[in-house]
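The chain is numbered in sequence order, starting from 1. The basis for the numbers below is simple: all heavy atoms, side chains too, and nothing from hydrogens, waters or symmetry mates. Just so we're clear, the structure is a prediction, and the values are computed from it rather than from any experiment.
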Amino acid sequence: MAKFVYRMQNILDIKYKLEEQAKQHYMEIRSRLNEAEDVLEQLNGRKEAYFDDYRNLLTDRLTILEIEECKEAIILMDEYIANQQNVIREIERELEEAVRLMNEAIQERKVHEKLKENQFEIFLQELNQEEAKEIDELISYQYNNKEAEEE
């Protein structure tokens, strides 16, 4: 029996590798985004702690120096939080690009898989035609031999 050989199998293999690389790239960026979100959460926690200290300082005895330090720490935390939010937005943009690239790689792989399937279908049709031709030849040969023997 004939064996099916897809002529562009090496391209399909490359498409599988490119898809895998795109998925890995996506996962790396996703991991960075998770880490950045964790940092933001920690910064918000520190800011809340400074707010609590600030409220306690205002209700306890008035030490202006400690109150000012706490107020400056809160302002500094606001800046850190704003910077971290910018980092997160940038990583999210990178993540969107990685998703787009990953989807393109998947789509290209699917196109090549479909081409392979179509070529396999054509191969099967040709194989069936060959088998039908051989059967016709065999029947024709047997019929002709039968007639020759009867004469």
Side-chain angles (χ1 to χ4, degrees), residues 1-56 68-151:
M1 181 170 185
K3 181 179 178 186
F4 174 69
V5 177
Y6 180 55
R7 293 178 304 142
M8 295 189 295
Q9 183 64 42
N10 56 348
I11 294 173
L12 183 58
D13 293 340
I14 290 170
K15 295 299 179 184
Y16 280 121
K17 289 178 185 175
L18 289 174
E19 179 184 351
E20 191 60 35
Q21 287 175 351
K23 287 179 180 178
Q24 288 175 350
H25 182 65
Y26 167 80
M27 290 307 296
E28 289 170 5
I29 294 173
R30 186 72 195 158
S31 175
R32 283 184 31 223
L33 178 63
N34 290 342
E35 290 172 6
E37 288 173 344
D38 289 344
V39 169
L40 179 62
E41 191 175 308
Q42 291 172 357
L43 290 174
N44 281 323
R46 285 177 58 191
K47 180 181 174 184
E48 284 300 316
Y50 285 129
F51 263 127
D52 290 341
D53 290 346
Y54 185 71
R55 279 188 224 109
N56 290 338
E68 285 300 317
E69 285 177 0
C70 198
K71 192 194 297 184
E72 287 176 19
I74 292 170
I75 292 170
L76 188 60
M77 281 296 113
D78 285 336
E79 290 177 21
Y80 288 161
I81 289 170
N83 288 339
Q84 192 63 27
Q85 288 171 337
N86 289 336
V87 168
I88 287 174
R89 277 192 291 276
E90 182 62 32
I91 293 173
E92 285 173 341
R93 277 189 231 117
E94 288 179 35
L95 188 65
E96 289 172 6
E97 179 66 15
V99 167
R100 186 186 65 76
L101 292 174
M102 183 177 65
N103 288 337
E104 284 178 10
I106 290 170
Q107 187 175 14
E108 288 177 9
R109 176 198 38 92
K110 286 182 179 180
V111 165
H112 278 277
E113 283 180 344
K114 189 66 176 171
L115 287 173
K116 183 179 180 178
E117 288 174 15
N118 291 342
Q119 281 190 356
F120 184 68
E121 290 296 321
I122 292 170
F123 169 76
L124 289 178
Q125 289 174 357
E126 290 173 355
L127 191 62
N128 287 339
Q129 288 174 354
E130 279 292 318
E131 289 175 0
K133 183 179 175 184
E134 288 176 9
I135 290 171
D136 287 345
E137 288 176 0
L138 181 62
I139 291 172
S140 174
Y141 175 75
Q142 289 175 347
Y143 180 76
N144 288 338
N145 272 353
K146 195 174 189 181
E147 281 185 1
E149 288 177 6
E150 289 177 2
E151 290 179 3

| message | The test is salt bridge (Lys or Arg N to Asp or Glu O under 4.0 Å); show your working for E90 and R93 and say whether it passes. | response | CA-CA 5 Å; E90 182 62 32; R93 277 189 231 117; 2.6 Å; yes
| message | Within a 6.0 Å radius of atom CE on M8, are there more than 12 heavy atoms belonging to other residues, nucleotides or ligands? | response | yes
| request: Any chance you could measure N83, atom CG, to I88, atom CD1, to the nearest 0.5 Å? | output: 11.5 Å
| said: Run the side-chain contact (heavy atoms from CB on, under 4.5 Å) test on Y6 and H112 for me, step by step, so that the C-alpha distance in whole Å, both residues' side-chain angles and the decisive distance to 0.1 Å come before the verdict. | reply: CA-CA 10 Å; Y6 180 55; H112 278 277; 3.9 Å; yes
| Close side-chain approach of E37 to L33, heavy-atom, < 4.5 Å | yes
| note | Output for pair (I74 CD1, F51 CZ), nearest 0.5 Å, gives 4.5 Å
| Hey, mind stepping through V5 and F123 against side-chain contact (heavy atoms from CB on, under 4.5 Å) and telling me if it holds? | CA-CA 9 Å; V5 177; F123 169 76; over 6 Å; no
| message | For L76, give me all partners under side-chain contact (heavy atoms from CB on, under 4.5 Å), at least two apart in sequence or on another chain. | response | E79, Y80
| remark: Rounding to 0.5 Å, atoms CD1 (I29) and CD (Q24) come to a distance of 12.5 Å
| field | Salt-bridge criterion met for R109 and E113 (N-O under 4.0 Å) | value | yes
| query | So, E97 and R100, do they make that salt bridge, N to O below 4.0 Å? | reply | yes
| request: Evaluate the criterion side-chain contact (heavy atoms from CB on, under 4.5 Å) for residue pair Y50 and R46; output intermediate values, then yes/no. | output: CA-CA 6 Å; Y50 285 129; R46 285 177 58 191; 4.0 Å; yes
| To the nearest 0.5 Å, what is the distance between CD (E121) and CD (E117)? | 8.0 Å
| request: Using a 4.5 Å cut-off on heavy atoms from C-beta on, say whether the side chain of Q85 contacts that of R89. | output: yes
| Less than 4.0 Å between a side-chain N and a carboxylate O, is that true for K133 and D136? | no
| query | Of all heavy-atom pairs between R7 and N10, which one has the smallest distance, and what is that distance? | reply | O-OD1, 4.0 Å
| query | F4 vs F120 aromatic rings, parallel, tilted or perpendicular, using cut-offs 30° and 60°? | reply | perpendicular
| request: Pick out which of K15, K17, Q21, K23 makes a side-chain hydrogen bond (donor to acceptor under 3.5 Å, both in side chains) with E19. | output: K23
| request: Indicate the atoms forming the closest heavy-atom contact of A36 with Q84, along with that distance. | output: O-NE2, 3.0 Å
| task | Show the numbers, then the answer: is there a side-chain hydrogen bond (donor to acceptor under 3.5 Å, both in side chains) between Q9 and D13? | result | CA-CA 6 Å; Q9 183 64 42; D13 293 340; 2.9 Å; yes
| remark: CG (D53) and NZ (K71) are apart, to the nearest 0.5 Å, by 15.5 Å
| said: Counting C-beta onward and ignoring hydrogens, is there a side-chain heavy-atom pair between Q119 and K116 closer than 4.5 Å? | reply: no
| message | Could you check whether any side-chain heavy atom of Y26 comes within less than 4.5 Å of a side-chain heavy atom of L101, counting everything from C-beta outward? | response | no
| message | Rounded at 0.5 Å granularity, tell me how far CD1 in I81 sits from CD in E41. | response | 11.5 Å
| Do L40 and N44 have side-chain heavy atoms sitting under 4.5 Å apart? | yes
